[in-house]
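Take a look at the structure set out below.
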Amino acid sequence: MSFVFDPAPTVAVPVLGGGLFPVHRIYCVGRNYVEHAQEMGFTGREPPFFFLKPADAIVAVPEGRTGQIDYPSLTANLHHEIELVVAIGKGGRNIKAADAAQHIWGYAVGLDMTRRDLQGEMKKAGRPWCIGKAFDQSAPIGPIVPRAKTGELTAGAITLTVNGQPRQSADLGDLIWNVAETIEHLSAAWALQPGDLIYSGTPAGVAAVVRGDVMEGHVDGLPTLRVAVR
Ligand code: MN
């Protein structure tokens with residue numbers, strides 16, 4: 001049997017030093033830094049929660065280049081969320097935090113772009129966040145660096161500037177649920193697969209961008225991600 005039309009190409013992210021990482025799913029962690037949870041109106045340690053973006057929301061930006069995203073439809077409040085992205089190389093269910101590192105293929109800098117006004121309306125109505133989070137081009141990402149080169153990333157600066165002005169600044173050590181714990185929780189709910197990406201949550205300082213803005217995201221040990229809004 002043949003396909004009735006050509007299937008979409010596999011979404012892939014360049015690996016620093018060569019090769020392409022094929023993307024399976026994109027999982028995202030909500031409210032995973034204390035000060036960001038507070039700015040969104042929440043306090044205290046709650047169990048991690050997750051949402052997904054479609055794999056083809058990826059906008060892969062090669063090292064040293066400036067990626068481009070189009071200002072999306074239906075919103076007047078497009079927010080940046082700088083995040084450490086974890087790339088899964090070995091799948092599994094019920095992975096213990098102590099064993100999580102061996103499932104990590106590498107890391108990248110990512111942006112969880114958010115139509116905050118639409119997300120807010122959905123929250124208020126008790127409806128799914130999809131329209132606020134899972135839209136086209138909502139997941140810019142820089143090159144993936146193999147864990148073999150970086151080691152485990154558990155501390156280090158995570159920052160975002162917009163047009164050179166600081167917007168978000170924290171340390172990976174400030175994560176409420178660290179990467180290993182996140183993998184434990186996530187793999188209890190879904191069978192992780194090679195190619196899964198985990199956007200691990202954003203620090204405080206989320207705010208709006210407009211057409212013409214240039215975002216520059218950084219995580220210590222990884223190449224800078226630069227993305228312009230057009
Ligand atoms: Mn996020």
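Counting starts at 1 for both ligands and their atoms, in listed order. This one's a predicted model, so the numbers in the text were calculated from it and none came from an experiment. Keep in mind that the numbers below use all heavy atoms, side chains included, and drop hydrogens, waters and symmetry copies.
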Legend entry - Geometric class of the Trp129/Phe49 ring pair [parallel <30°, tilted 30-60°, perpendicular >60°]: perpendicular

Inset, instruction - Sequence neighbours left out, what passes ring pair (Phe, Tyr, Trp, His ring centres under 6.0 Å) with Phe135? Give chain and number order. - result: none

Inset, instruction - Under the side chain to side chain contact (heavy atoms under 4.5 Å, CB included) rule, what do Leu192 and Tyr27 come out as? Steps first, then yes or no, please. - result: CA-CA 10 Å; Leu192 290 184; Tyr27 295 101; 3.8 Å; yes

Inset, instruction - Report the hydrophobic cluster partners of Val214, with the cluster defined as I, L, V, M, F, W, Y residues connected by side-chain heavy atoms closer than 4.5 angstrom, directly or transitively. - result: none

Legend entry - Protein N, O or S atoms lying under 2.8 Å from the Mn ion (ligand 1), listed by chain and number: Glu81 OE1, Glu83 OE2, Asp112 OD2

Legend entry - Pair Leu111-Val227, side chain to side chain contact (heavy atoms under 4.5 Å, CB included): steps then yes or no: CA-CA 9 Å; Leu111 280 162; Val227 178; 4.0 Å; yes

Inset, instruction - Please list all pairs passing the salt bridge (Lys or Arg N to Asp or Glu O under 4.0 Å) test where one or both residues lie in residues 144-166, with sequence neighbours left out. - result: none

